[in-house]
Amino acid sequence: MKARVTVTLKTGVLDPQGKAIEGALKSLGVDGVGSVRQGKVFDIELAAGDKAAAETALKDACEKLLANTVIENYRIEI
């Protein structure tokens with residue numbers, strides 16, 4: 001079973017890397033860029049055949065390692 005975990009900064013948390021990317025895009029002439037928020041994507045292959053068990057395992061992984069839940073949100077897609 002394949003899963004994707006997307007981790008992003010919570011609204012209101014300063015994103016200096018996103019600001020740097022935003023500035024770089026504008027300096028390269030990319031028009032219409034309002035703002036940029038940077039995040040992380042994890043593509044994970046699971047041995048579990050049960051979707052509920054896989055979601056539980058991934059939530060545990062996010063809470064313990066993949067995301068800093070104080071400043072980041074995460075989304076799990078299976």
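Position 1 is the first residue of the sequence; numbering continues from there.
With sequence neighbours left out, the side chain to side chain contact (heavy atoms under 4.5 Å, CB included) criterion links I71 to L9, V13, N68. Remark: D60 engages K64 in a salt bridge (Lys or Arg N to Asp or Glu O under 4.0 Å) (not counting sequence neighbours). Every residue two or more places apart in sequence or in another chain was checked for a salt bridge (Lys or Arg N to Asp or Glu O under 4.0 Å) with E45, and none qualifies. Under the salt bridge (Lys or Arg N to Asp or Glu O under 4.0 Å) criterion, K59 pairs with no residue, sequence neighbours left out.
Taking Ile, Leu, Val, Met, Phe, Trp and Tyr as hydrophobic and joining them when side-chain heavy atoms fall under 4.5 Å apart, one finds L14 isolated, its cluster having no other members. Hydrophobic cluster membership of V5, counting Ile, Leu, Val, Met, Phe, Trp and Tyr whose side-chain heavy atoms lie under 4.5 Å apart directly or via other members: M1, V7, F42, I44, L46, L58, L65, L66, Y74, I76, I78.
Within the structure, the salt bridge (charged side-chain N to carboxylate O under 4.0 Å, His left out) test picks out the following pairs touching residues 65-78 (sequence neighbours left out): K40-E72, R75-E77. Residue pairs that meet the salt bridge (charged side-chain N to carboxylate O under 4.0 Å, His left out) test with at least one member in residues 25-39, sequence neighbours left out, are E22-K26. Each side chain to side chain donor-acceptor pair (under 3.5 Å) pair with one or both residues in residues 2-15, not counting sequence neighbours, appears once here: R4-D43.
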